[in-house]
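Notes follow once the structure below has been shown.
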Amino acid sequence: MTTTVTITGAAGTIGYALAFRVAAGDMLGADEPVRLRLLEIPAAVAATEGVAMELADGAYPLLRDVDVTDDPAVAFDGAHVALLVGARPRSAGMERADLLAANAGIFGPQGAAIAAHADPSVRALVVGNPANTNAAIAAAAADGVPAERFTAMTRLDHNRALARLAEHLGEPVGDLTRVTIWGNHSSTQVPDPSSVLVRGEPVALDPAWVSDVFIPAVAGRGAAIIAARGASSAASAASAAIDHVRDWVRGTPDGDWVSVALPSRGEYGVPEGIVCSFPAVSRDGRWEVVEGLTRSEDVRSRMHATVAELVAERDAVRELGLLAGR
Ligand code: NAD
Ligand code: LMR
């Protein structure tokens with residue numbers, strides 16, 4: 001079977017890094033043929049045609065077809081995986097409410113187009129910021145698609161947390177498991193290393209280092225990349241999107257979990273429907289939140305703040321009449 005993967009914002013910097021990884025089989029596997037549908041705004045269609053030309057020139061054995069369009073109905077036709085990357089960036093002087101409204105105007109119609117045209121098994125990952133609330137908006141507009149099929153990306157934060165811990169402990173990053181990002185993909189996120197294992201064994205971490213160094217470093221990494229590169233993270237974001245979908249489709253490794261923002265069913269006291277990052281495992285193609293973890297007082301209080309921010313974002317789009325449906 002050929003898997004249809006839709007990438008929105010395909011001419012953007014993350015889209016450009018992502019399309020070639022998908023075509024190479026990094027996301028779905030080395031035996032899985034893939035069809036790419038690339039969605040862009042009309043002004044970027046010509047540039048996206050250029051991306052399609054380069055994809056052809058890659059002579060990827062798994063790549064069956066590439067379609068370029070500015071029409072969401074065409075882009076999501078038969079989509080099994082929808083990578084929602086294209087978003088309206090915050091411009092100078094733009095208030096947060098304006099940003100939410102501008103993005104609701106993108107993610108609402110895209111959610112509706114997914115419901116109308118995608119394969120019934122569709123899985124959507126929102127990368128475009130504000131990712132958690134954009135995912136909630138898309139899910140609300142996607143009548144008939146289970147809300148749990150709309151997720152937002154905190155895997156980049158998760159990978160950043162693993163990298164900072166590996167560096168601190170002087171251990172290979174691949175030997176670390178069980179790190180969690182709670183909450184929003186924003187500066188209020190809660191990176192939580194309290195369950196981390198190194199080669200299956202617990203390690204003691206200094207609470208002052210966690211609170212004063214580790215958490216600010218992980219939560220501030222996106223801003224640090226922007227300051228250094230003059231542009232937001234791109235290849236690492238694309239790589240995290242590949243990791244997210246690969247684990248969703250093929251399952252998370254035994255004994256480990258990853259961080260995924262998905263609609264709360266009330267786990268850990270997070271209000272239902274809020275798209276919140278949790279520790280999760282994927283079994284048979286479905287995410288399940290890892291429940292019953294003990295959280296320190298510090299983690300609980302930080303979680304309170306990040307969930308409050310998500311609730312405020314939800315309320316803001318609701319007030320603007322942009323959270324249709326459920
Ligand atoms: P970019 O500006 O380089 O590219 C975005 C692309 O989206 C542009 O080509 C634009 O034309 C397109 N676009 C805008 N509206 C569209 C629409 N309605 N339909 C289709 N395409 C549309 O930005 P980028 O660096 O690729 O980042 C994309 C988004 O990802 C941003 O919102 C960024 O903040 C976010 N991001 C999220 C994470 C995360 O961890 N969740 C990490 C990095 C970046
Ligand atoms: C990131 O985490 O790198 C981005 O979400 C930062 C941004 O604001 O684009």
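These figures come from a predicted structure and were not determined experimentally. Each ligand, and each atom within it, is numbered from 1 in the order the structure gives. Starting from 1, each residue takes its place in the sequence as its number. Hydrogens, waters and symmetry mates are skipped; everything else that's a heavy atom, side chains included, is used.
- Two residues are said to be in side-chain contact when any heavy atoms from C-beta on lie closer than 4.5 Å; Val245 and Arg123 fail this criterion.
- When the heavy-atom distances from atom 25 (O) of ligand 1 to Thr8, Val45, Asn134, Thr13 are ranked, the shortest goes to Thr13.
- Within the structure, ligand 1 lacks Pro89 among the residues with a heavy atom less than 4.0 angstrom away.
- Classification of the Trp287-His244 ring pair by plane angle, with boundaries at 30° and 60°, yields perpendicular.
- Ranked by closest heavy atom to atom 22 (C) of ligand 1, the top entry among Ile41, Leu38, Leu84, Ile225 is Ile41.
- Contact annotation: for Ala87 versus ligand 1, heavy atoms closer than 4.0 Å belong to both the backbone and the side chain.
- If you check each of Arg221, Met153, Glu40 against atom 11 (O) of ligand 1, the one with the closest non-hydrogen atom is Glu40.
- Listed by number with element, the atoms of ligand 1 under 4.0 angstrom from any heavy atom of Leu156 are 40 (O), 42 (C).
- Counting heavy atoms from C-beta outward, Val145 and Phe150 have side chains that approach closer than 4.5 Å.
- At a threshold of 4.5 Å between non-hydrogen side-chain atoms, the residues Arg21 and Ser239 count as touching.
- For atom 37 (C) of ligand 1, the closest non-hydrogen atom on the protein side is Val127 O, 2.9 Å.
- In the model, Ser194 has a side-chain atom that pairs as donor or acceptor with a side-chain atom of Asp192 under 3.5 Å.
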field: Full working for side-chain contact (heavy atoms from CB on, under 4.5 Å) between Phe278 and Glu291
entry: CA-CA 9 Å; Phe278 292 109; Glu291 296 201 68; over 6 Å; no
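- Within the structure, ligand 1 has His185 among the residues with a heavy atom less than 4.0 angstrom away.
- For ligand 1, the atoms closer than 4.0 angstrom to any heavy atom of Ser233 are 42 (C), 43 (C).
- Looking at Ile106 against ligand 1, only its side chain comes within 4.0 Å, counting heavy atoms.
- Comparing heavy-atom distances from atom 34 (O) of ligand 1 across Asn103, Ile14, Asn129 singles out Asn129 as nearest.
- At the top of the distance list for atom 29 (C) of ligand 1, counting protein heavy atoms only, stands Val85 O, 3.3 Å.
- The nearest protein heavy atom to atom 18 (N) of ligand 1 is closer than 4.0 Å.
- No side-chain N or O of Gln189 forms a donor-acceptor pair with one of Asn184 less than 3.5 Å apart.
- Contact analysis leaves Arg155 out of contact with ligand 1, as no non-hydrogen atom separation drops below 4.0 angstrom.
- Classification of Glu288 and Arg283 as a salt-bridged pair fails, no side-chain N sitting under 4.0 Å from a carboxylate O.
- Each of Asn129, Arg160, His185, Gly222, Ile226, Ser232, Ser233 has a non-hydrogen atom positioned under 4.0 Å from some atom of ligand 2.
- Gly12 CA, 3.2 Å is the protein heavy atom nearest to atom 4 (O) of ligand 1.
- Of the N and O atoms on the side chains of Thr188 and Glu309, at least one donor lies less than 3.5 Å from an acceptor on the other residue.
- Close placement of the Tyr268 and Trp182 rings is indicated, their centers lying within 6.0 Å of each other.
- No option in Val190, Asn159, Val218 other than Val218 meets the side chain to side chain contact (heavy atoms under 4.5 Å, CB included) test with Ile181.
- Remark: Asp247 engages Arg155 in a salt bridge, criterion side-chain N to carboxylate O under 4.0 Å.
- With ligand atoms numbered from 1 in the order given, ligand 1 contributes 6 (C), 7 (O), 12 (C), 20 (C), 21 (N) to contacts under 4.0 Å with heavy atoms of Gly9.
- Of the listed residues (Thr252, Thr177, Thr180), just one forms a side chain to side chain donor-acceptor pair (under 3.5 Å) with Trp257, and that residue is Thr180.
- Atoms of ligand 1 lying under 4.0 Å from any heavy atom of Ser232, numbered from 1 in the order shown and given with element: 25 (O).
- For Thr6 and Arg37, the side-chain atoms include no donor-acceptor pair closer than 3.5 Å.
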For this session: Test side chain to side chain donor-acceptor pair (under 3.5 Å) on Asp71 and Thr69 and set out the steps.
Result: CA-CA 5 Å; Asp71 180 354; Thr69 181; 5.3 Å; no
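- Taking every heavy atom of Gln110 and a limit of under 4.0 angstrom, the matching atoms of ligand 1 come to 17 (C), 18 (N), 19 (N).
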